[in-house]
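First the structure, in the form of structure tokens, and then the observations on it.
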Number of protein chains: 2
Amino acid sequence: MTPLESPSRRELNKAATRESIVEATVQLARERGLGEFTVEDIADAAGVSRRTFFNYFSSADEALAAPTFGFLDAALERFRDRPRGEPLLESAIQILLALADNKLIEPMAQSFLVSHGHDPVTRFQLQAFDECSDKIVAAIREREGDTLDAIYVHSLAGCVMSCGKAALEVWLAERGGDLSPSSLSRLRELLVTSFEHLKSGFKTS
Amino acid sequence: MTPLESPSRRELNKAATRESIVEATVQLARERGLGEFTVEDIADAAGVSRRTFFNYFSSADEALAAPTFGFLDAALERFRDRPRGEPLLESAIQILLALADNKLIEPMAQSFLVSHGHDPVTRFQLQAFDECSDKIVAAIREREGDTLDAIYVHSLAGCVMSCGKAALEVWLAERGGDLSPSSLSRLRELLVTSFEHLKSGFKTS
DNA sequence: TCTCAAGTTTGCACTCAGTGCAAAGTTGCA
DNA sequence: TGCAACTTTGCACTGAGTGCAAACTTGAGA
């Protein structure tokens, strides 16, 4: 009922189980390669039953994409905390710059790298971005009321996600998930550049 | 070897088989609802064996998303035919305005409507948009050489797809797939508005 | 026209994903 | 302490997805 107030033992247990399933899945994917293990293997490695795995995730692919959902949920949470008057693109870039230093980026980068080119996992990651875009639309609505056109809000939310995703992809291609300070600083640079282009309407200056 | 020159009987047969599978799938989804039929049902309705279904598609969900892939492939083909000097956003809007009147939009609209809120199919549709974005990146590279930054090209391609997708989603929500001339004209209006916002950097004028 | 190589469909058998259900185990609260 | 609510597990079952080899179709040359 009050998951924010009281992380009860039950909730802690569930979170821990979930976490161990995700870790086991990523681990297996790194060791054996994608598609070279079964849900039973994951369950064994995570110390739960096969049936319990399916209580948490609908497939191994979904479990592999979990870090991406986690990262974007965190981003969205921060968006809700931004000051009301702040321009939307400003909120977005501030949040992403802060998150580029966050612990959450590591598991997401791992998950992207390990599942690169593997369509089933990629689809879940795309879904994470898409759901986040929808939630941004809802959050903007909350913040600004109904003063803005649906098409404006939807396009903007989609473009913000696209720019964030583009920066992430270019960074992963360039640095292969290196998490050193200089590499992360490059990620921030890519984010800034990408949003500059968005703000300027992609003029070829 | 020369699929464009000679649509041989073999190629025609394959295309027809593929088409009948997609039609059978959409039909079943409309009649019974998503998830209320098996691949065997589809195969029977399409007049092929279950095994043949899997020679064409990896799942019923993929078959349902086929029209989206088809639409975006057509869009991309047109992009490759645009004049070299034309600004990229101009190419995009011209192509989409033309396609908003094309036959291809109907099956895509159907497929979107029938699978609305059904995650597995949605994921395939998102993949279609994402792949198209990658192909746009490649096409821009071909057109402009390596004069542009990776982050510029990736962000731009992503934003173009986002704006197209946003217009489509708002239109479907407003009009529920009505394909009358006035409804299609509204779709074009949404596309134009969306791209105007993109070109102006989403200024709140 | 006949023939053969290459491409396509099909049936079969098999593994494993995913789910409903009920029994067993755990936690929260009075 | 004891009961109600929640979570895990085992079991059984349907159907997805795939490798393989046999049957069938098509294209092209003799």
Side-chain angles (χ1 to χ4, degrees), chain A residues 1-22 24-25 28-29 32-66 115 118-124 127, chain B residues 1-22 24-25 28-29 32-66 115 118-124 127:
Chain A
M1 281 293 171
T2 51
L4 288 175
E5 307 283 10
S6 63
S8 68
R9 164 148 259 115
R10 259 193 187 127
E11 280 145 4
L12 291 173
N13 285 347
K14 286 203 80 167
T17 301
R18 192 184 178 81
E19 191 49 37
S20 79
I21 289 173
V22 172
T25 309
L28 279 168
R32 302 196 199 168
L34 276 169
E36 301 299 314
F37 53 92
T38 69
V39 169
E40 185 143 25
D41 294 332
I42 300 173
D44 288 350
V48 297
S49 73
R50 200 182 85 98
R51 192 62 184 79
T52 294
F53 173 91
F54 285 113
N55 286 343
Y56 285 84
F57 298 101
S58 69
S59 67
D61 296 317
E62 184 180 357
L64 261 181
S115 63
H118 184 73
D119 286 354
V121 184
T122 304
R123 281 194 286 275
F124 275 100
Q127 186 188 2
Chain B
M1 282 294 172
T2 51
L4 289 174
E5 308 284 8
S6 63
S8 67
R9 165 149 258 116
R10 262 195 184 125
E11 281 145 4
L12 292 173
N13 285 346
K14 286 204 80 166
T17 302
R18 192 185 178 80
E19 191 49 38
S20 79
I21 289 174
V22 172
T25 309
L28 279 168
R32 304 196 197 168
L34 275 170
E36 301 299 314
F37 53 92
T38 69
V39 168
E40 185 143 26
D41 294 333
I42 299 174
D44 288 349
V48 297
S49 72
R50 197 181 89 98
R51 191 64 185 79
T52 293
F53 174 92
F54 284 113
N55 287 342
Y56 284 84
F57 298 101
S58 69
S59 68
D61 296 317
E62 184 180 358
L64 261 181
S115 62
H118 184 73
D119 286 353
V121 183
T122 304
R123 280 195 286 274
F124 275 99
Q127 186 188 2

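So that the names make sense, note that chain A is the first sequence line, chain B the second, and so on, each numbered from 1. Everything quoted here is computed from the prediction, not taken from an experiment.
Between F54(A) atom CZ and dA12(D) atom P the separation is 18 Å, expressed in whole Å. With rounding to whole Å, F57(B) atom CZ is found 16 Å from dT9(C) atom C1'. The CD1-P distance, from I21(B) to dT8(C), rounds to 13 Å in whole Å. Straight-line distance from the CD1 atom of I42(A) to the P atom of dC16(C): 13 Å, rounded to whole Å. The CD atom of E62(A) sits 12 Å away from the C1' atom of dG18(C) (whole-angstrom rounding). When the C1' atom of dT19(C) is taken as reference, atom CD of E36(B) falls 14 Å away, rounded to whole Å. As a whole-Å value, the separation of L64(B) CG from dA16(D) C1' is 15 Å. The nearest whole Å value for the distance from the CG atom in D61(B) to the C1' atom in dG17(D) is 13 Å.
Here the side chains of F57(B) and V22(B) are in contact, with some heavy-atom distance below 4.5 Å. With contacts defined as side-chain heavy-atom distances shorter than 4.5 Å, the pair L64(B)/F124(B) does not qualify.
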Letter per nucleotide, 5' to 3', of nucleotides 1-11 of chain D [B base touched, S only sugar-phosphate touched, - untouched; heavy atoms, 4.0 Å]: ----BBSBBBB

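Of the possible donor and acceptor atoms, one in the side chain of D41(A) sits under 3.5 Å from a partner among the backbone N and O of T38(A). A distance-only check finds a donor-acceptor pair linking the side chain of E62(A) to the backbone of S58(A) [under 3.5 Å]. Looking at S115(A), its side chain never comes within 3.5 Å of a backbone N or O of H118(A) through a donor-acceptor pair.
In terms of heavy-atom proximity, A63(B) sits nearest to T25(B) at CB-OG1, 3.8 Å.
Both V39(A) and F53(B) lie near DNA chain C, and the one whose nearest nucleotide falls closer to the 5' end is F53(B).
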